[in-house]
> 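Please find one structure pasted underneath; my questions will follow.
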Amino acid sequence: SSRGQDFPIVIVGHVDHGKSTLIGRLLNDTDSLPNGKVEELRASSVRRGVEFEWSFVMDALQVERDQGITVDTTRIWFKTPKRSYVIIDAPGHKEFLKNMVTGAASARAAVLVVDVARGVSEQTRRHAYLLNLLGVSQVAVAMNKMDLVDYDQARYDLVKAELEAYLASIGLTAAAVVPVSAQKGDNLAGRSAATPWYKGPTVVEALDAFKAPASAKDLPLRLPVQDVFKFDERRVVVGRVEAGTITLGDELVFTPGGRRARVASFETWAGPGTPRIVPRQAEAGEPIAITLDQDIFVERGQVAALDGTTPSEAKRLRVRVFWLGREPLKVGVRLKLKVATGEYHVTVARVLSVIDVHTVSEDKLADVVEVGGIGDVILESRSPVAFDTEAGLRSTRRGVLVQDYRQVGGVLIQGADEVEKETAE
Ligand code: GDP
């Protein structure tokens with residue numbers, strides 16, 4: 001079930017630093033759990049002779065674990081007085097990439113969990129770095145397990161300073177560094193008496209202060225063509241409005257190609273005898289069917305937009321690839337690239353640089369992107385690709401790589417690549 005209005009967040013951090021505990025407790029403290037859930041889990045803990053852990057809440061909710069890359073990741077919801085959130089779970093590095101790159105609802109903000117007793121680890125740094133790479137810039141830090149250090153402000157200050165220095169080095173700023181105990185529920189939904197020295201927001205307040213993305217209907221129009229049907233001697237163009245608003249009479253430009261025609265009618269798919277209430281306008285999120293005033297060639301994969309704000313088109317694309325194939329990615333590898341409704345045969349033409357996610361450094365000499373790795377490459381397509389580079393235009397900015405019917409990676413399109421000039425003369 002996709003609930004478009006939810007604010008998607010991701011909870012990241014070193015394993016064992018308390019992500020699951022924080023999620024369980026957050027759900028409980030915001031009254032987002034079904035009635036009796038915690039009692040049920042406590043009772044079953046007693047039966048099994050184990051001590052109740054808040055992380056059991058998450059385990060219990062994770063009935064449908066994702067198996068493949070295409071399957072939606074586990075979704076967990078909670079509500080605050082301001083809005084409702086969906087947590088995109090990110091247990092490990094590979095899953096994290098999968099979820100972040102291919103998840104339909106990629107995170108708009110993150111909570112980075114750090115165990116205050118153990119301090120900033122390499123994995124903490126790596127996750128922060130990945131957040132930054134993926135463009136998640138709204139980050140709140142939960143400085144967890146404050147109970148283990150007796151809510152000591154000096155210890156908090158020390159770890160906070162180290163973390164903030166690292167974040168600054170990669171261009172990230174934490175909106176808040178909240179001293180919490182996920183286990184005891186300090187400073188999650190309610191202010192804790194154990195940290196009188198802390199004047200900042202709780203975790204929930206920090207989340208509620210994050211900016212919601214610009215409403216998709218206020219963006220430039222993007223209508224990726226899903227299909228073109230012949231219908232009562234008329235050709236009907238079908239698709240879902242991914243961004244912006246489309247109005248009767250609008251002049252549409254179809255990319256690639258640049259052919260133009262006006263919206264002559266909105267069609268409905270109501271059966272015979274059903275009153276046809278034909279709209280004059282549709283906005284982001286709506287599936288539509290339209291006819292055009294001219295008999296131009298339109299096909300699946302093209303993107304309809306308005307003059308002056310059309311997507312770009314190019315055969316050579318610079319992309320950041322998140323690679324999950326079976327073999328390392330290198331020059332010459334052939335793949336299928338899917339962007340919105342378009343499908344393109346592409347070949348890796350160059351590997352520009354590879355990001356080593358373990359040392360979080362960029363290697364400009366590397367010539368392969370390892371499995372589970374991230375790199376900037378040039379893809380060469382047989383036919384022009386319609387794309388955007390603006391962050392808000394997600395449907396045409398992100399793509400998926402397919403090999404042998406399997407999704408093997410995600411891409412963020414960075415731009416067109418100018419073919420290098422022939423200098424050998
Ligand atoms: P995850 O791997 O990041 O999801 O970590 P978990 O939530 O599974 O927590 C790892 C361990 O730390 C568990 O044994 C938790 O009970 C413990 N833990 C989590 N949060 C706290 C906390 O605030 N205080 C204390 N003392 N222990 C905690």
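The first residue in the sequence is number 1, and the count goes up from there. Numbering of ligands and ligand atoms starts at 1, following listing order.
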> Do E283 and T245 meet the criterion of a side-chain donor-acceptor pair at a distance under 3.5 Å?
no
> Give me the nearest non-hydrogen protein atom to atom 5 (O) of ligand 1 as residue plus atom name, then the distance to 0.1 Å.
G18 N, 3.1 Å
> With heavy atoms only and a cut-off of under 4.0 Å, state how H17 meets ligand 1: side chain, backbone, both or neither.
backbone
> Would you say the side-chain atoms of W77 and D6 include a donor-acceptor pair closer than 3.5 Å?
yes
> Does a sphere of radius 6.0 Å around NZ in K330 hold more than 12 heavy atoms from other residues, nucleotides or ligands, not counting ones at 6.0 Å or beyond?
no
> May I ask you to list the atoms of ligand 1 that are less than 4.0 angstrom from any heavy atom of E53?
13 (C), 14 (O), 15 (C), 16 (O)
> Where does N144 meet ligand 1, judged by heavy-atom distances below 4.0 Å: at the side chain, the backbone, both, or neither?
side chain
> Below 4.5 Å, heavy atoms only, C-beta onward: do V159 and V114 meet side chain to side chain?
yes
> Does any N or O of ligand 1 fall below 3.5 Å from an N or O anywhere on S55, backbone included?
no
> What residue and atom, counting heavy atoms only, is the protein's closest point to atom 10 (C) of ligand 1, and at what distance?
D16 O, 3.4 Å
> Does a side-chain N-to-carboxylate-O contact under 4.0 Å join R350 and E380?
no
> I need the atoms of ligand 1 closer than 4.0 Å to a non-hydrogen atom of V15, numbered in the order shown.
2 (O)
> Between R300 and F254, is NZ or CZ placed under 6.0 angstrom from the six-membered ring centre and within 45° of the ring axis?
no
> What part of D147, side chain from CB on, backbone N/CA/C/O, both or neither, has a heavy atom under 4.0 Å from ligand 1?
side chain
> Would you say the side chains of N187 and T202 form a donor-acceptor pair under 3.5 Å?
no
> Considering only protein heavy atoms, which is closest to atom 4 (O) of ligand 1, and at what distance to one decimal place?
S20 OG, 2.6 Å
> Please work out whether any backbone atom (N, CA, C, O) or any side-chain heavy atom from C-beta onward of T21 is under 4.0 Å from ligand 1, and answer side chain, backbone, both or neither.
both
> Quick one about T124 and H14 (side-chain donor to acceptor, distance below 3.5 Å, no hydrogens or angles considered), yes or no?
no
> Number the atoms of ligand 1 from 1 as they appear, then name those within less than 4.0 Å of a heavy atom of H14, with their elements.
3 (O)
> When you check the gap from the basic side-chain N to the acidic O, do D388 and R222 get nearer than 4.0 Å?
yes
> For M146, which part has a heavy atom under 4.0 Å from ligand 1: side chain, backbone, both, or neither?
neither
> Nearest protein heavy-atom contact for atom 27 (N) of ligand 1: which residue, which atom, what distance?
Q183 NE2, 3.6 Å
> To which protein heavy atom is atom 18 (N) of ligand 1 closest, and what is the distance rounded to 0.1 Å?
K145 CE, 3.6 Å
> What protein heavy atom is closest to atom 3 (O) of ligand 1, reported as residue, atom name and distance in Å?
K19 N, 2.8 Å
> Tell me whether the guanidinium CZ or amine NZ of R155 lies under 6.0 angstrom from the six-membered ring centre of W197 and within 45° of its axis.
no
